[in-house]
Amino acid sequence: LLRFVAHALQECQAGDSKRSADRLLSLKEIADRLGCSVQTVTKGFRCGRYPFVLKDGGRLIGSEKGLERWIETRTKQAAFAASSARGSLR
């Protein structure tokens, strides 16, 4: 199953110009990078907030590249919202 998950992650990245290998992260590693608890990541997975987290049997794991893309997207959205808010104040 892990080979299938790793292969699926690679397929998702086929369009990326950088074709470096993805790494599977534990929930603890994901929580550390997000600055939250493992319980928060688990709850977020259950409600669909973290698309980079996958269920492998009874455990949850995450794609390192997926997490990086998710953070990048959220950062861009926050910057856009902040610049839009500043623009409307003029």
Check: Are the side chains of Leu67 and Leu25 in touch, meaning some heavy atoms are under 4.5 Å apart?
Finding: yes
Next item on the list: Kindly indicate whether the side chain of Ile30, heavy atoms from C-beta on, has any atom under 4.5 Å from the side chain of Val53.
Entry: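 The answer is yes, as the side chains (C-beta and beyond) meet within the 4.5 Å cut-off.
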Check: Is there any salt bridge (Lys or Arg N to Asp or Glu O under 4.0 Å) pair reaching into residues 71-85, and which pairs are they, with sequence neighbours excluded?
Finding: Glu72-Lys76
Nearest 0.5 Å, please: how far is [atom2] in [Y] from [atom1] in [X]?
{"X": "Ser26", "Y": "Arg59", "atom1": "OG", "atom2": "CZ", "answer": "9.0 Å"}
{"X": "Leu34", "Y": "Ile71", "atom1": "CG", "atom2": "CD1", "answer": "5.5 Å"}
{"X": "Leu24", "Y": "Ile61", "atom1": "CG", "atom2": "CD1", "answer": "4.5 Å"}

Item checked: With sequence neighbours excluded, residues passing salt bridge (Lys or Arg N to Asp or Glu O under 4.0 Å) with Glu64 ->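 So Glu64 forms a salt bridge (Lys or Arg N to Asp or Glu O under 4.0 Å) with Arg23, Arg33.
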Notebook entry, point to check: Counting distance only, does the side-chain N/O of Asp22 pair as donor-acceptor with the main-chain N or O of Lys65 below 3.5 Å?
Noted result: yes
Notebook entry, point to check: Under 3.5 Å, is there a donor-acceptor pair between the side chain of Thr40 and the main chain of Cys36?
Noted result: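 No: the side chain of Thr40 does not pair with the backbone of Cys36.
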Next item on the list: Quick one: which residue pairs count as a ring pair (Phe, Tyr, Trp, His ring centres under 6.0 Å) with a foot in residues 24-43, not counting sequence neighbours?
Entry: none
Donor-acceptor pairs under 3.5 angstrom involving side-chain atoms of residues 42-51: please list them, not counting sequence neighbours.
residue, atom, partner, partner atom, Å
Thr42, OG1, Val38, O, 3.0

